[in-house]
Amino acid sequence: MAEQKKTNEALNVEDALTQSEAFLIKNKKTIIGVIVAIVIIIAGTLMYKNLYAAPREAKAQAALVKGQEYFAAGEFEQALNGDSIGYAGLVKVADEYSGTKSANLAQAYIGICQAKLGNYEAAIQALNGFDGDDQMVAPALKGTIGNCYAELGQLDKAASTLLQAAQEADNNTLSPIYLMQAGKILVKQGKYDEAIKAYTTIKDKYFRSYQAMEADKYIEQAKLLKK
């Protein structure tokens, strides 16, 4: 009985191996094709990074440098559109090197330059094209968008964007600034309770900030206007 069991097990194993071999033989081309495809994908990814993406990123970074210099000097028009001595401009950098980190950063510079030049709709469009989640940069750009909406007279969007920027930043440097700006817009709209809430958040949560020293004054003003 035991010998019969061993014989059956051996036959089962042999049958399983035979079936596996048959499967491999039958699907040999498919399996090889899948393996080759994986190798090609891996090799292609490495080649893209080393032979295309990395040199392209380096070129984009080099092209961005002059724009940063013009930006730092307050020459926003030249930063955006270039000069007559070889620098193409941030707009060109963002377009030509799309997909690189430097092109993404160029979007942020473009947005701020447009805002500085009073082109608020163009600034909003450019800043919305920036992709990043840094806790200082991203909220700062959102705050700039909020101020652009305010300049365009779109006060609802301005206040909500500034409040969102303050929440995302959640620090003593940026949040009180945007809460104060939002509070003033809300007062202008007659939304005194919302303004008081914004000012109170500065006083309670960001009490180490410069704006916290003036929070009580603005809270009292909003309360008086509410009566």
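By convention here, the first residue in the shown sequence is residue 1.
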Minimal non-hydrogen separation, [X] against [Y], with atom names:
X: N172; Y: F207; answer: OD1-N, 4.3 Å
X: A215; Y: Y199; answer: CB-O, 3.7 Å
X: L127; Y: I112; answer: CD2-N, 4.1 Å
X: A158; Y: A150; answer: CB-N, 3.5 Å
X: A106; Y: V93; answer: CB-CG1, 4.3 Å
X: A159; Y: I185; answer: CB-CG2, 4.1 Å

Practice item. May I ask you to decide whether K217 forms a salt bridge with E214, counting only side-chain N to carboxylate O separations under 4.0 Å? Key: yes

Practice item. Could you tell me whether K197 and D204 have a side-chain N and a carboxylate O separated by less than 4.0 Å? Key: no

For [X] and [Y], indicate whether the former's side chain and the latter's backbone hold a donor-acceptor pair under 3.5 Å.
X: D83; Y: Q78; answer: no
X: N119; Y: A122; answer: no
X: N147; Y: G143; answer: yes
X: S175; Y: A166; answer: yes
X: Q107; Y: A126; answer: yes

Practice item. Go through Y120 and Q114 one step at a time and tell me if the side-chain contact (heavy atoms from CB on, under 4.5 Å) criterion holds. Key: CA-CA 6 Å; Y120 301 114; Q114 295 285 21; over 6 Å; no

Are [Y] and [X] co-members of a hydrophobic cluster defined by side-chain heavy atoms under 4.5 Å apart?
X: I177; Y: I196; answer: no
X: I145; Y: Y178; answer: no
X: V187; Y: I202; answer: yes
X: I124; Y: L117; answer: yes
X: Y97; Y: L90; answer: no

Check your understanding: Quick check, are the ring centers of Y87 and Y70 under 6.0 angstrom apart?
Key -> yes

Drop me the distance from [X]'s [atom1] to [Y]'s [atom2], to the nearest 0.5 angstrom.
X: L174; Y: S209; atom1: CG; atom2: OG; answer: 11.0 Å
X: Q211; Y: Q181; atom1: CD; atom2: CD; answer: 9.0 Å
X: L80; Y: C113; atom1: CG; atom2: SG; answer: 4.5 Å
X: K184; Y: L155; atom1: NZ; atom2: CG; answer: 14.5 Å

Min side-chain heavy-atom separation [X]-[Y] under 4.5 Å:
X: D95; Y: V91; value: no
X: K203; Y: D216; value: yes
X: D156; Y: K191; value: yes
X: K142; Y: L162; value: no

Review point. Can Y218 and M180 be said to form a side-chain contact (heavy atoms from CB on, under 4.5 Å), step by step?
Key: CA-CA 9 Å; Y218 286 102; M180 184 65 74; 3.7 Å; yes

Check your understanding: Angle class for the F76/F71 ring planes (parallel below 30°, perpendicular above 60°, tilted otherwise)?
Key -> perpendicular

Practice item. Mark yes when over 12 heavy atoms from residues, nucleotides or ligands other than Q167 sit less than 6.0 Å from its CD; otherwise mark no. Key: no

**Study point:** Heavy atoms of other groups near Q61 CD, more than 12 under 6.0 Å
**Key:** no

State whether a side-chain donor-acceptor pair under 3.5 Å links [X] with [Y].
X: E77; Y: N81; value: yes
X: D170; Y: Y206; value: yes
X: Q125; Y: E121; value: no

Point to revise | Contacts of E75 that satisfy salt bridge (Lys or Arg N to Asp or Glu O under 4.0 Å) - sequence neighbours left out | key: none

